[in-house]
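Letters A, B, ... mirror the listed sequences (proteins, then strands); counts begin at 1.
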Amino acid sequence: MKGVKDNISESIEKSMLEFAAYDSEAAEKAGYSNYSYWGSTFRAFLKNRVAMSLLIVLGVILLFTIIQPYLPGQFEANLVIDHPITGIQMMNIQPGLTNVVETAEEGTLLIVTPWENSEWAAVSNLLLTIPSRKDFTLLQYGDDFCQVEYDGKNGYVKNDFTTKLKLPDDYEDTPYTAKSNLAVKMYTAPKEMTNNKGNELFVKKSSLTINDDGTAVTKEKAELRLLPDTRPFLFGTNNAGQDLWAMVWSGTRTSLTIGVAVAFFQAIIGILIGVLWGYVKALDRLLTEVYNVIDNIPTTIVLILISYIMRPGVSTLIFAMSITGWVGMARFVRNQIVIIRDRDYNLASRCLGVGTFRIIFRNLLPYLVSVITLRMALSIPGAIGSEVFITYIGLGLPVSIPSLGNLINVGRKLLATSASYQLVFPTIVLSIITISFYILGNAFADAADPKNHL
Amino acid sequence: MFPESYSKEEKALAKYLLKRIGQSLLTLAIILTVVFIMVRQMPIDGYFENIDKLDDAVIKATLDSMGLNDPLLVQLKNFFVGVLHGDLGTSTRYSAGVPIAGIIASKAPISIEMGLLSMAVSMLLGIPLGAAMARSKNKFWDKFGTVFIVLVNAVPAAVYYIYLQSYGSLALNVGMLFERENWVSWILPVFSMSLGNIAYYAMWLRRYMLDEMNKDYVRLARAKGVDSKKITMRHVFRNAFVPMIQYIPTSLLFTISGSIYIESLYSIPGMGGLLVNVITKQDNPMVQALVMIYSCIGIIGMILGDILMAVIDPRISLNRKEGAR
């Protein structure tokens with residue numbers, strides 16, 4: 001027992017038992033708290049790592065969406081890209097970081113298609129086409145390409161379902177005569193240097209030695225491109241021959257415009273009606289009854305009906321979604337206003353003769369800023385999703401206005417094919433945007449809740 | 001107004017129900033009027049199978065015979081008389097001349113079956129998920145559920161429906177389209193339709209259970225040494241479950257909007273797919289009729305939810321309308 005007492009007396013510092021002097025500064029401290037609502041809100045928000053990283057991601061995406069058309073090396077959205085010589089649309093080109101299809105080693109024999117251009121030459125390695133049912137000599141068998149001779153020329157033909165070569169049973173015992181029921185393309189090398197439609201590729205003239213007979217030999221390692229242009233199709237092209245990268249960002253712009261506009265109008269209408277409903281007691285009963293009527297109608301149905309009656313377009317969609325979405329906001333604002341309307345500080349303001357507008361804008365609405373922001377943040381992904389839905393049921397934007405809904409609706413049919421990237425890219429961009437808005441909105445609401453402030 | 005034998009509470013309940021039903025009928029009348037007037041503003045193409053081939057006299061005669069050149073109020077009166085007799089008009093483009101009521105009657109059963117099934121599935125999966133999340137706060141189930149809820153709420157349904165259909169049908173080894181006889185092909189549409197509601201139920205049940213767990217009676221039970229599993233199931237879950245009933249009407253609305261998409265995605269011969277179909281064919285009378293039917297279902301759902309709530313939980317005051325829903 002004694003030991004314990006000793007320990008206690010040892011652990012107490014002598015200074016703690018002395019009288020404190022009067023300190024005027026310390027006396028001031030007691031009654032002062034440096035709590036600031038927005039300061040605490042931002043501090044709480046900054047602590048949320050997931051929200052912060054999503055904020056950065058979303059900021060980058062939004063910024064990029066805005067500046068994308070002004071960046072160098074971008075295709076125009078909606079521009080149908082044709083092959084410069086044949087005029088065939090450059091459809092369903094797989095995504096890639098460059099538009100280089102083939103790299104030709106030094107000394108590769110290429111066939112030049114006559115085409116007026118000072119910088120680029122249109123080339124392929126397609127020597128000639130052997131007509132159907134014509135005999136040719138097969139010099140060397142291969143599982144992918146066979147070396148053949150036809151019309152005095154030496155070349156390679158493909159050996160697959162596109163050529164269906166008729167070969168003898170002992171097909172490795174070359175040379176022999178073969179034929180096909182199909183027209184067979186003969187290349188200068190055992191590979192196909194053409195685009196996915198079998199058309200010419202483009203190469204810089206400076207890396208070729210062009211002969212008079214329409215052939216050319218590469219002077220150095222040469223890059224054969226899809227277009228006389230170095231811009232890549234980062235997201236490939238869609239089935240109309242448009243650059244999907246440009247389409248996706250253009251669509252994101254449209255969808256975000258719709259989302260932001262809808263959030264804005266919903267907030268304006270919702271706050272206006274909510275304030276009237278909550279503050280003006282004479283209107284309470286009427287507006288409550290109106291609310292009960294409107295709230296009973298499924299919003300999807302209203303959305304469908306309005307889009308059906310009006311012409312499809314961005315403004316129709318914004319109108320239809322704003323008119324269905326304000327109800328929730330109005331009820332919310334109303335409930336909040338009813339709670340704080342008759343608090344003492346408002347009563348005092350009224351007694352001092354402050355005008356109704358000033359009370360609403362100075363006393364009431366600042367209380368609601370955080371929650372209104374939250375609802376606006378959540379209505380953006382909602383509006384983007386509704387656009388996808390409305391487009392699916394055939395009431396959305398015309399195809400000439402790219403939107404994420406349009407792109408997804410087109411890509412939907414291609415998911416099971418090799419062109420599935422046409423669905424995947426728009427959905428990835430869309431999901432990143434909607435998930436970020438959703439999580440950020442909720443994180444902000446948590447941060448703005450004074451219960452979570454310390 | 002009521003016989004003496006009824007208690008005060010029962011009288012209040014009956015009064016509330018009468019008022020609620022009256023309110024719904026009024027709502028319904030307003031909606032029908034608004035929809036009717038709005039559809040009248042549409043171009044007249046939607047009343048003909050092929051307007052380009054007809055001359056003006058025929059068009060006018062047809063419109064006259066349909067009563068579309070009458071004053072709006074007369075049309076409205078005729079329409080309401082028709083609706084009260086169960087006559088919704090005839091289809092014009094979808095299948096010309098066939099009474100709409102008949103078409104819808106043939107399509108409704110499968111939609112109802114699917115809708116009810118999906119609501120059952122969403123409760124069977126959503127409620128255990130919510131309870132599991134509340135019990136394992138910050139552990140696996142809570143984290144899993146949170147991710148699930150965020151994904152389902154944030155990613156547009158239209159997007160994950162497509163992926164579910166494509167990869168789900170591969171995994172289950174069924175065709176992409178619905179076949180009524182093959183029960184396996186019911187799984188994907190019903191499950192897709194339920195996803196939104198599963199997340200919804202789980203989210204709210206978790207929140208209510210966590211609120212309930214912080215109450216004094218739970219603390220007392222814990223202090224007495226009652227098994228924590230027993231507390232969760234006997235006390236917390238039961239009390240948290242009651243307010244969940246108010247989400248049934250909203251989940252019905254979710255099911256409706258989900259079914260419009262799902263039915264046309266899987267080619268299910270129901271009303272939702274029919275709506276998409278008649279919209280693309282611009283069949284005005286059919287769109288009008290279907291929009292009205294869907295509004296009615298919405299309203300009936302809401303009123304059923306309110307009644308259920310009033311009957312099940314006696315603590316709720318019927319005279320004051322609760323702001324929370």
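- Heavy atoms closer than 4.5 Å to chain A are found in the side chain of B:Ile30, but not in its backbone.
- Looking at B:Val287, the atoms closer than 4.5 Å to chain A (heavy atoms on both sides) all sit in the side chain, from C-beta outward.
- For the set A:Val388, A:Ile433, A:Ile309, A:Ile439, the count of heavy-atom pairs under 4.5 angstrom toward chain B peaks at A:Ile309.
- The neighbour count for B:Lys143 NZ, taken as heavy atoms of other residues, nucleotides or ligands under 6.0 Å away, does not exceed 12.
- Of the residues considered (B:Ala158, B:Ser264, B:Cys296), B:Ser264 shows the highest number of contacts with chain A, using heavy-atom pairs under 4.5 Å.
- Between B:Val159 and A:Phe389, every side-chain heavy-atom pair lies at or beyond the 4.5 Å cut-off.
- Every pair passing side chain to side chain donor-acceptor pair (under 3.5 Å) that includes a residue from residues 433-446 of chain A is listed here, sequence neighbours excluded: A:Tyr438-B:Asn153.
- Between chain A and the residues B:Leu151, B:Ile297, B:Leu265, B:Val34, the most heavy-atom pairs under 4.5 angstrom are made by B:Leu265.
- Using a 4.5 Å cut-off between heavy atoms, A:Val290 makes no contact with chain B at all.
- Counting heavy atoms from C-beta outward, A:Leu305 and B:Gln288 have side chains that stay 4.5 Å or more apart.
- At a 4.5 Å heavy-atom cutoff, the contact between A:Ile435 and chain B is made by backbone and side-chain atoms alike.
- Heavy-atom distances place both the backbone and the side chain of B:Val35 under 4.5 Å from chain A.
- Listed options B:Tyr163, B:Tyr294, B:Tyr160 were ranked by heavy-atom pairs under 4.5 angstrom with chain A; first place goes to B:Tyr163.
- One finds the OG1 atom of B:Thr280 at 8.5 Å from the CG atom of A:Leu395 (value rounded to the nearest 0.5 Å).
- Here the CD atom belonging to A:Glu289 is positioned 8.0 Å from the CG atom belonging to B:Leu26, to the nearest 0.5 angstrom.
- The distance from atom CD1 of B:Ile162 to atom CG of A:Leu415, rounded to the nearest 0.5 Å, is 8.0 Å.
- Contact of B:Ile279 with chain A is made through backbone and side chain together, with heavy-atom distances under 4.5 Å.
- Atom OH of A:Tyr392 and atom OH of B:Tyr161 lie 11.5 Å apart (nearest 0.5 Å).
- No part of B:Leu290 comes within reach of chain A, as not one of its non-hydrogen atoms sits under 4.5 angstrom from that chain.
- Heavy-atom contacts from other residues, nucleotides or ligands closer than 6.0 Å to CG of A:Asp342 number more than 12.
- Within residues 164-171 of chain B, the residues having any heavy atom under 4.5 Å from a heavy atom of chain A are, by residue number, B:Ser166, B:Tyr167.
- Per-residue heavy-atom pair counts under 4.5 Å with chain B were compared for A:Leu378, A:Val338, A:Leu430, A:Thr391, and the maximum is reached by A:Leu430.
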